Amino acid sequence: MGDKEKNVEDILKPGDIIKEKWIIVKMIGMGGFGQIYEAKYMKSGESAAVKVESSQYDKQVLKMEAEVLQKMKGKSKYICKFFGCGRESKFNYIIMSLLGNNISALRKATDSGYFSTSTALRLGVQMLRAIRSLHDVGYLHRDVKPSNFALGMGRHSRRLFIYDFGLARKFADDRGMLRPPRDTKCPFRGTLRYASLNAHNGQELGRHDDLWSFFYLMIEITYGQLPWRSLREAERIKHAKMRFDHKRFFELERVPKELKPFREYLESLDYYTKPNYDYLIGRLEFGMRERKIDKSEPLDWERL
Ligand code: ADP
């Protein structure tokens, strides 16, 4: 965040071959700490995304990403397939399924700047399920935001995937026992716009903090913006969140009133309490039933 590598050289070029099996097609993105390329499996022509980070770079995040993708293998339909990872002399890499447009880009491409209630509720249900599946395996995402959810490709083009696990953290061991929260103040990591107040205060983050980010995200994609969207300083954003009068947003037809109880519910949670995901998903599904939203109707970007 704010740390984007500038003017760095491309680590790979079209035609380069990874693991003797994958051929690089082109660069498709630059992240905070690395580069993303589209690649093809030479035998079958199947597409994939290769995320690389320079081995000279201090902040190595790919290790955590690879760990999450590996642990999530076969556990969630909302997480990319993991095809492998490795180290070369100059860079580390992971190979995963290629994704399509992300929610932030899709929102910005709408005429109004916000999604219809039908699209937003359907996206919301999928995002909550994705977050829950990550938590179920013992990981927090810690950077939930619209640009970290993307549509799949081909037959998965209506399914959302959660990605970018560079800031993830294991909060529970494999038997589901919680790690004790650290009481030292943690430096801020993540994205200020969607950060929970706990994250602003440098506290150990828990499952509810991913859900706070989800709550802010939902207001943004249904209302069109968040009140602190043009603020830059962390302190000012934090104060805007403390003063946030969310109720006034629900007077507008376009912000689904089913989101209204989320805030009070999230306020009742702490690090130790497992959120009731079914309750939150149920609220959104109730909203869909009440509005007679059919799962197969076109999503906003599928309309002509
Ligand atoms: P960082 O964690 O370094 O910020 P991201 O994971 O957010 O990197 O990715 C950077 C860019 O690459 C983003 O624009 C994102 O849309 C794109 N990207 C990341 N993963 C994939 C993927 N699996 N398929 C397609 N594009 C991807």
Side-chain angles (χ1 to χ4, degrees), residues 1-4 31-33 58-59 61 64-65 68 104 124 127-128 130-132 134-149 162 164-173 177-221 223 225-250 259-277 279-280:
M1 201 242 0
D3 246 346
K4 299 254 179 226
F33 305 109
D58 294 346
K59 283 204 179 128
V61 292
M64 183 43 104
E65 283 228 62
V68 174
S104 167
M127 287 189 265
L128 279 175
I131 295 170
R132 171 171 65 185
L134 193 62
H135 292 179
D136 280 348
V137 181
Y139 290 94
L140 303 172
H141 188 281
R142 303 201 304 171
D143 198 14
V144 165
K145 58 178 172 180
S147 57
N148 283 341
F149 291 93
I162 185 169
D164 195 357
F165 304 109
L167 293 183
R169 181 177 161 84
K170 191 116 174 66
F171 70 93
D173 66 20
M177 293 292 286
L178 289 196
R179 289 172 74 177
R182 298 165 289 186
D183 46 11
T184 46
K185 255 198 160 200
C186 320
F188 182 82
R189 300 172 79 192
T191 307
L192 282 170
R193 185 183 290 178
Y194 308 96
S196 66
L197 283 171
N198 271 340
H200 278 278
N201 292 328
Q203 272 155 7
E204 184 79 273
L205 302 184
R207 291 163 284 190
H208 58 319
D209 295 293
D210 278 347
L211 296 173
W212 271 109
S213 301
F214 170 79
F215 176 67
Y216 294 139
L217 172 165
M218 285 304 287
I219 306 250
E220 179 175 59
I221 68 170
Y223 177 66
Q225 61 184 64
L226 283 161
W228 46 87
R229 72 162 171 169
S230 50
L231 302 181
R232 291 282 164 266
E233 276 169 63
E235 268 310 286
R236 295 182 64 194
I237 296 176
K238 174 178 149 182
H239 283 106
K241 283 177 186 158
M242 288 162 67
R243 286 193 310 268
F244 184 34
D245 170 21
H246 71 299
K247 292 202 182 74
R248 89 187 153 86
F249 290 89
F250 299 107
L259 288 166
K260 206 168 163 179
F262 274 50
R263 182 177 179 156
E264 206 172 318
Y265 178 66
L266 295 180
E267 271 165 358
S268 75
L269 299 176
D270 62 18
Y271 181 86
Y272 299 96
T273 346
K274 181 175 178 180
N276 186 343
Y277 305 92
Y279 163 68
L280 300 174

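All residue numbers in this chain count up from 1 along the given sequence. Computed from a predicted structure; not experimentally measured.
- S196 pairs by the side-chain contact (heavy atoms from CB on, under 4.5 Å) definition with N198, A199, L205, D209, W212, not counting sequence neighbours.
- Here the shortest heavy-atom pairing between A195 and Y216 reads O-CE1, 3.4 Å.
- Remark: D164 engages K51, E65, N148 in a side-chain contact (heavy atoms from CB on, under 4.5 Å) (not counting sequence neighbours).
- Between G206 and L140, the shortest heavy-atom contact is C-CD2, 3.5 Å.
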Does V144 form a side-chain contact (heavy atoms from CB on, under 4.5 Å) with M127? I'd like the steps, not just the answer.
CA-CA 9 Å; V144 165; M127 287 189 265; over 6 Å; no
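- L231 and A240 get closest at one heavy-atom pair: CD1-CB, 4.1 Å.
- A donor atom on one side chain and an acceptor atom on the other are not found under 3.5 Å apart for H208 and D270.
- Taking 4.5 Å as the limit, every side-chain heavy atom of Q203 sits out of range of all side-chain heavy atoms of L197.
- Remark: R182 engages E204 in a side chain to side chain donor-acceptor pair (under 3.5 Å) (not counting sequence neighbours).
- Every ring-ring contact (aromatic ring centres under 6.0 Å, His included) that F244 has, sequence neighbours left out, goes to W228, F249.
- Y194 places a side-chain heavy atom less than 4.5 Å from the side chain of L226.
- Under the side-chain contact (heavy atoms from CB on, under 4.5 Å) criterion, K170 pairs with E67, K71, Y139, D174, R179, not counting sequence neighbours.
- Note that the SG atom of C186 and the CG atom of N201 stand 11.0 Å from one another [nearest 0.5 Å].
- Considering only residues two or more places apart in sequence or on other chains, D173 meets the salt bridge (charged side-chain N to carboxylate O under 4.0 Å, His left out) condition with R175.
- In this structure, F149 and A130 approach most closely via the heavy-atom pair CE2-CB, 4.2 Å.
- Residues I237 and R193 fail the side-chain proximity criterion, which asks for heavy atoms closer than 4.5 Å.
- Shown here are the salt bridge (charged side-chain N to carboxylate O under 4.0 Å, His left out) partners of R189, two or more places apart in sequence or in another chain: there are none.
- For H239, there are no side chain to side chain donor-acceptor pair (under 3.5 Å) partners at least two apart in sequence or on another chain.
- A donor-acceptor pair is defined here as one N or O able to donate and one able to accept, closer than 3.5 Å; no such pair exists between the side chain of T191 and the backbone of D143.
- Counting only distance, with no hydrogens or angles, the side chain of Y277 and the backbone of I131 share no donor-acceptor pair below 3.5 Å.
- By the ring-ring contact (aromatic ring centres under 6.0 Å, His included) test, F214 is found to be paired with no residue, residues two or more places apart in sequence or in another chain being considered.
- Applying the side chain to side chain donor-acceptor pair (under 3.5 Å) criterion to S147, with sequence neighbours excluded, gives no partner residue.
- Using a 4.0 Å cut-off between a side-chain N of Lys or Arg and a carboxylate O of Asp or Glu, E220 and R229 do not qualify as a salt bridge.
- Side-chain contact between F171 and R207: present, with at least one pair of heavy atoms (C-beta onward) separated by less than 4.5 Å.
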Apply side-chain contact (heavy atoms from CB on, under 4.5 Å) to residues F165 and V61 and explain how you reach the verdict.
CA-CA 8 Å; F165 304 109; V61 292; over 6 Å; no
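- Within the structure, salt bridge (charged side-chain N to carboxylate O under 4.0 Å, His left out) pairs that include any residue of residues 236-248 do not occur (at least two apart or interchain).
- Partners of R142 according to the salt bridge (charged side-chain N to carboxylate O under 4.0 Å, His left out) rule, which considers only residues two or more places apart in sequence or in another chain, do not exist here.
- Atoms CG and NE2, from L211 and H135 in turn, are 6.0 Å apart once rounded to the nearest 0.5 Å.
- Within the 4.5 Å cutoff, the side chain of I219 has heavy atoms near those of the F250 side chain.
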